[in-house]
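Since we're looking at a predicted model, the values are computed, not measured. For this chain, numbers begin at 1 and follow the sequence in order.
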Amino acid sequence: MTLRPSHPHPARRGPRIGVLGSYGGFNTGDEAVLTCVLSCLRALRPDAHLVVLSRNAEHTLAHHPDADEVVPWEGVSRNHVLDVLPGLELLVLGGGGVLYDGEARRCLRLVRAAQIRRVPTFAYAVGTGPLTGAEDRDAVRTVLAETDDVVVRDEESRLVLEEVGLEREVTVTADPALLLAPEPFTETMMREEGIPSGARLVGMSVREPGRAAEKLDEGDYHALLADVADFLVRRLDARVVFLPMERHDVRHAHAVLSHMTAPDQGRILHGDYSPGQVLGFMRHLDVAVGMRLHFVIFAALTGVPVLPLPYSGKVFDLARRLGAPALVGVAREQAGLLLAEVDRPWDEYPQRRDDLGARMAELSASARETCERRAGAGSRRAATRRARGSRRRGAARVARGVDPVEQGSASGCARR
């Protein structure tokens, strides 16, 4: 069932633009990306009718006022989702890490279905990899070759596409969440979380060893991060606050707390906060140490000294672009190196503040340019391509009823 706001906007007669990604409240970073993508499209085309394909339509409708219409793709019939596509002027894939083993082909079936129905498609600051399965690699190579614009959020993603065999221009940009605006995180909210005023605060982010971090050993990295937290408590006379970016992070935060020698100095944020409020919370921190990509982005946006803990290519790439220490990972054998580096963001921040600000300004400008030039050009091309009646080969395949990528479930993409 397609959902619309209970208090709908005045009828918008501009292009119908679809946005497909791993949306629905499962991850704060993904929700930040959706907020920025919708804001970008709305700024470019105030008259556009924005349609979000979401994993949880009710959540998306409640939390994203820029969406005019929300279409669920989980737990609904294939035809229900496909029926939405022909009315679109443009389908935007992303942003976020949606093209990886086990999920890329699921996500790209919808993109391929749109292409066959002559709907222009745009890959907007997507993350890719790992991609080792033959079906996922074939889907990425086939569908992205027919996509009007392919823009990835980091150099690692571009290299993955090159290795898969995609032969086309791929632009590297920055994450759309770099354009997120902060919302207040008030002193009252701090008190409700049990965080004392006036204390030095260290923010930490941990995650589960999922597909993007499947080589992590849970016990080792829980103990390692507990050592880091205890070190910062002693070194800075600080409290440690864990920021879950998705619900699975809570369990891992508790596990790290259980390994700490000073667990009474740690807290876990438990409230249900918007991405803007999480970004607003960052202004209360004195230093940040974390694994989640968007935790690191939020800290850097706020100007907080930050040490990324790389567990995958996307975090390594961001650390490089921020000029952060080049750590090799979060395995237990790197404990000495990590502890030697962990207080560098604090010690060196006065000297690095201007450099970090300049790097963030450059990344934000790249994200803004992608929004203005790529998405804007894509929406303009939509009407042109539709008028020309392009993609005749795709139409012929529809007539024959066969397409190797589109076959299978229409269910969309989950994030990694």
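- At least one side-chain heavy atom of Leu178 sits under 4.5 Å from a side-chain heavy atom of Met360.
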| query | Is there a side-chain contact (heavy atoms from CB on, under 4.5 Å) between Leu243 and Phe281 once you walk through the steps? | reply | CA-CA 10 Å; Leu243 280 73; Phe281 175 80; 3.6 Å; yes
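- A salt bridge is defined here as a Lys NZ or Arg NE, NH1 or NH2 lying under 4.0 Å from an Asp or Glu carboxylate O, and Arg191 with Glu187 fails to meet this definition.
- Residues Arg352 and Pro345 fail the side-chain proximity criterion, which asks for heavy atoms closer than 4.5 Å.
- The aromatic rings of His284 and Phe185 sit perpendicular to each other, their planes meeting at more than 60°, with 30° as the lower class boundary.
- Taking the charged nitrogens against the carboxylate oxygens, Arg137 and Glu163 do have a contact shorter than 4.0 Å, which makes a salt bridge.
- The backbone N or O of Glu246 lies less than 3.5 Å from a partner atom in the side chain of Asp249, making a donor-acceptor pair.
- Considering Val51, Leu41, Leu50 in turn, Leu41 is the only one that fulfils the side-chain contact (heavy atoms from CB on, under 4.5 Å) rule with Val19.
- Side chain of Glu193 to main chain of His270: a donor-acceptor pair is present (N/O by atom type, distance under 3.5 Å, no hydrogens or angles).
- Looking at Tyr124 and Pro176, their side chains come closer than 4.5 Å, going by heavy atoms from C-beta outward.
- Thr147 contributes no side-chain N or O that, together with a main-chain N or O of Asp149, makes up a donor-acceptor pair within less than 3.5 Å.
- Around atom CD of Gln351, more than 12 heavy atoms belonging to other residues, nucleotides or ligands sit under 6.0 Å away.
- Within 6.0 Å of the CD atom in Glu362, the count of heavy atoms belonging to other residues, nucleotides or ligands does not exceed 12.
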| Should Arg320 and Asp154 be marked as a salt bridge (charged side-chain N to carboxylate O under 4.0 Å, His left out) after you check the CA-CA gap, both sets of side-chain angles, and the distance that decides it? | CA-CA 11 Å; Arg320 175 186 61 80; Asp154 50 57; over 6 Å; no
